[in-house]
Structures are given as structure tokens and as C-alpha cells.
Amino acid sequence: MQKVDDAQAQIEFDRRIADEQKIEPSDWMPDDYRKNLIRQMSQHAHSEVIGMQPEGNWITRAPTLRRKAVLLSKVQDEGGHGLYLYSATESLGITRSDLIQALQTGMAKYASIFNYPTLTWADIGAIGWLVDGAAIVNQISLQRTSYGPYARAMVRICKEESFHQRQGYEIMYQLAHGSVEQKAMAQDAMNRNWWPSLMMFGPHDSDSAHSGRSMQWKIKRQSNDYLRQKFIDQTVPQIEVLGLDMPDPELKWNEEKGHYDSGEINWEEFYQVINGSGPCNYQRLKHHKKAHKEGEWVREAVRAYQEKQQAKQDKTAA
Ligand code: 3HC
């Protein structure tokens with residue numbers, strides 16, 4: 001009987017996916033769909049939260065009060081994105097503490113880009129412009145993902161990322177049009193962040209383990225290579241406006257394809273970073289564990305409050 005019910009539920013699920021209807025938390029869904037969503041959404045949430053560290057590193061050293069206020073607010077936004085995404089992931093039946101444990105034990109990944117250091121103020125410009133820029137290209141596509149809570153979280157996140165991208169570009173524009181030293185700083189930060197930004201889109205489609213199923217289920221709407229190319233095509237004219245040298249000598253407009261050609265990513269470096277051996281992996285997780293431990297009293301207080309409220313409700317009901 002259960003098998004018949006599941007088979008019918010599967011047919012209904014497939015029909016809804018084909019009809020572009022959203023799947024909601026209380027709907028039946030195949031186990032693998034649920035697991036794949038938990039994997040991608042939690043990695044996305046972890047990326048937002050870990051991503052606060054490289055930029056947070058510059059809050060105390062921002063060059064002006066205005067820059068400090070903007071950066072503080074941006075970093076806070078990223079924390080907020082992590083919270084929406086954790087909540088959306090929890091709607092799939094997993095607890096926040098399980099998700100955090102997976103991050104801290106290295107079972108779950110987070111975006112490779114955040115394992116690189118922010119060496120100068122120009123990195124803050126380059127991250128806002130390139131990293132948030134790459135994130136938006138991916139996340140605009142994810143606004144149409146098939147899981148309702150994920151798609152809805154993306155709408156708000158994209159609006160905020162778009163502001164982040166512009167503030168980053170503004171920093172880069174000012175530096176690129178400043179003194180010789182400032183322009184050199186902007187060039188260096190762009191050169192260092194360019195390749196890791198391209199890596200954010202993941203391996204080539206032919207090497208992507210999850211893309212096939214994820215595209216079939218409409219969790220992912222466009223492929224890793226498609227989105228990476230879109231990012232390159234929109235970013236090269238922005239580099240020209242900055243007046244900086246191209247970070248990749250092979251970046252050339254290809255009239256026939258209607259796209260820019262580019263050099264090959266160093267995939268060995270990519271796999272090293274996603275498997276835990278990037279320049280800052282150890283530092284990022286160490287800091288996360290420390291901050292999480294220091295926040296234990298807050299979680300305890302929330303639990304105590306919830307228990308008290310529950311006891312009150314039980315007493316009233318009795
Ligand atoms: N960094 C870390 N891990 C990566 C990665 C990257 N740039 N690209 C791929 N991977 C991992 C995958 O997670 C997967 O690992 P797993 O099997 O252990 O889960 C493995 O490499 C194989 O890659 P696949 O292509 O098969 O993986 P996906 O189909 O999941 O595609 C993805 C990768 C494009 C990153 C996809 O997961 C995705 O679109 N995720 C949602 C977006 C996201 O996570 N964005 C984070 C960006 S940072 C951000 O938004 C913060 C903002 O403030 C800038």
C-alpha cells in the first residue's frame with residue numbers, strides 16, 4: 001500500500017516540477033531531492049556566514065566613517081542571508097545544530113572563495129564587485145528554483161547582493177581613478193580575486209557531480225559553465241570602465257560565439273581549496289568554532305525562555 005502511495009506521490013511531484021510549480025515543506029518529495037536540497041542550501045548558508053570573516057577583517061580599518069558604516073551593514077546583511085537560508089533548510093527536517101556540526105567537522109562545504117585572505121582595503125572593493133557579482137548571477141537563476149522557501153529567500157538576498165556589488169564597484173572605481181599606488185592596489189586585488197571568483201560557479205559541467213539531477217529537479221536552473229560565462233561577459237566591460245589591465249591575458253571577445261574567450265581555471269587549486277587545504281580554511285573554521293562556542297549562552301537563554309513559555313501554556317491548558 002505504501003509503495004502505491006509513494007508511486008502516486010512521485011507522479012504528482014514530477015507533474016508539479018514539469019508545470020513549474022513550487023514544492024513546499026509539507027509536500028511529498030523524493031528522499032534524494034530532499035537530501036540534495038539540504039546539501040546545496042546548507043552549503044549556501046555556510047558560505048554566507050563564513051563569508052563574513054574576510055570582510056569583517058577590515059571593519060576596524062575602513063578608511064572613512066562612511067566606508068566603515070557601509071561595510072558593517074554589508075557584513076551584517078551576509079549574516080542575515082545565512083539565517084534565512086538556515087531557516088529554509090530547516091524546513092526540510094534537519095536541525096540547525098546538525099547543519100553547524102556538518103560545517104565544523106568538514107562534512108559540509110562552503111564557497112571556496114572565502115578561503116583566500118583579504119590583504120588590502122582594495123580586496124573589500126574586489127569582493128563586493130566580483131564575489132557578490134558572481135553570487136548574484138547564480139542567485140538570480142536560483143530565484144526560479146523549484147523549492148519554495150529557497151526561491152523566496154533568493155528574492156530578498158538578490159536585492160541586497162545587488163547593493164553589495166555596487167558598493168564594491170564604487171570602491172574599485174575610486175581606487176582605479178586615484179593615485180598610482182591606489183590604482184596598483186585595485187589591480188592587484190582584482191588579479192587575485194578574479195580566478196577564485198570564477199571558481200565560485202563550480203567545476204565544468206562535464207565534471208559536476210550533482211548538476212544532472214539538480215537540473216532535472218529544477219533545483220539548479222542553469223549550468224555552472226553557462227553562469228560562469230554570463231559573469232565573464234558582463235564583467236569584462238566593467239574592467240574596461242575601471243581602466244585596469246585584464247586579469248587574464250586570454251580574455252578576448254569572440255565574435256563568432258558572441259562571448260568572451262578566457263583562460264583555463266587552475267582546477268588543482270580549486271580542489272585543494274574545497275577539500276580543506278586552501279590558504280585560510282583552517283583559520284575560517286577555527287574562528288567559526290570559537291564564535292559558536294562563545295554564543296552558547298545565547299542559545300541556552302533562548303532554550304530556557306522557550307521552556308518557560310511552554311510550561312506556562314501547559315499550565316493554562318491543564
Ligand atoms: N566552493 C566550494 N565547493 C564547491 C564549489 C565552490 N565554489 N563549487 C562546487 N563545489 C562543491 C559542491 O558543493 C560539490 O561538493 P559536495 O558533493 O561535497 O556537496 C562538489 O564541489 C561538486 O560540485 P557540483 O558542481 O556537482 O555541485 P553543485 O551542483 O552543488 O554546484 C554550486 C555548485 C554552483 C556552488 C551550487 O551548489 C550552487 O549554486 N549553490 C548555491 C549558491 C551558493 O552556494 N553560493 C555561495 C556563494 S557565496 C555567497 O552567496 C555569499 C555572498 O555573500 C557573496
Side-chain angles (χ1 to χ4, degrees), residues 35-56 71 74-86 88-89 102-103 105-116 124 126-145 147 150-151 153-154 156-158 160-165 167-168 193 195-228 230-231 265 267 269-278 281 284:
K35 278 190 204 143
N36 198 17
L37 268 176
I38 291 176
R39 179 194 65 80
Q40 177 170 327
M41 290 168 66
S42 63
Q43 291 186 9
H44 195 165
H46 300 325
S47 306
E48 301 279 358
V49 170
I50 296 285
M52 296 167 80
Q53 290 186 41
E55 288 181 290
L71 182 58
K74 180 196 188 283
V75 171
Q76 219 166 13
D77 284 352
E78 306 298 3
H81 298 172
L83 297 185
Y84 313 147
L85 288 166
Y86 281 129
T89 313
L103 168 69
T105 54
M107 300 284 289
K109 295 189 170 70
Y110 58 87
S112 47
I113 183 80
F114 299 124
N115 291 306
Y116 292 84
I124 302 306
I127 288 181
W129 167 42
L130 296 175
V131 176
D132 289 70
I136 297 170
V137 168
N138 189 0
Q139 290 170 175
I140 284 179
S141 174
L142 287 172
Q143 287 179 353
R144 293 189 296 113
T145 190
Y147 188 56
Y150 194 20
M154 280 303 121
R156 175 153 177 193
I157 290 177
C158 281
E160 292 177 351
E161 300 290 23
S162 159
F163 156 74
H164 298 165
Q165 194 267 354
Q167 66 84 37
N193 284 284
W195 294 105
S197 298
L198 298 187
M199 292 176 193
M200 285 174 68
F201 296 94
H204 281 312
D205 296 346
S206 51
D207 298 324
S208 165
H210 303 288
S211 280
R213 296 304 295 276
S214 294
M215 297 283 278
Q216 195 187 344
W217 282 321
K218 298 186 179 168
I219 291 174
K220 277 167 89 164
R221 304 306 308 250
Q222 282 155 329
S223 80
N224 297 1
D225 285 328
Y226 175 90
L227 292 169
R228 183 170 18 245
K230 194 171 173 195
F231 172 73
I265 287 170
W267 292 109
E269 175 182 324
F270 169 78
Y271 285 109
Q272 259 181 20
V273 176
I274 69 169
N275 288 318
S277 303
N281 295 59
R284 300 292 182 241

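Note that the structure is predicted; figures quoted are calculated from it, not measured. Just follow the structure's listing: the first ligand is 1, and inside any ligand the first atom is 1.
- In terms of heavy-atom proximity, Met199 sits nearest to Arg228 at CA-NH1, 4.5 Å.
- In Arg144, the CZ atom is crowded: over 12 heavy atoms of neighbouring residues, nucleotides or ligands sit closer than 6.0 Å.
- When heavy-atom distances to ligand 1 are checked against 4.0 Å, the residues falling inside are Arg39, Gln40, Gln43, His44, Ser47, Glu48, Glu78, Lys109, Tyr110, Ala111, Ser112, Phe114, Val131, Asp132, Ala135, Asn138, Gln139, Leu142, Tyr150, Glu161, Met199, Met200, Phe201, Gly202, Pro203, Ser208, Ala209, His210, Ser211, Lys220, Asn224, Phe270, Ile274, ordered by chain and number.
- Of the residues listed (Gln165, Gln167, Lys74, Gln139), the one engaging Asp132 in a side-chain hydrogen bond (donor to acceptor under 3.5 Å, both in side chains) is Lys74, and it is the only one.
- Judged purely by distance below 3.5 Å, without hydrogens or angles, the side chains of His81 and Glu160 pair a donor atom with an acceptor atom.
- A side-chain hydrogen bond (donor to acceptor under 3.5 Å, both in side chains) with Ser141 is found for exactly one of Lys220, Gln222, Arg221, namely Gln222.
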### Query
Given Arg39 and Asn36, is the side chain to side chain donor-acceptor pair (under 3.5 Å) satisfied, shown in steps?
CA-CA 5 Å; Arg39 179 194 65 80; Asn36 198 17; 3.0 Å; yes
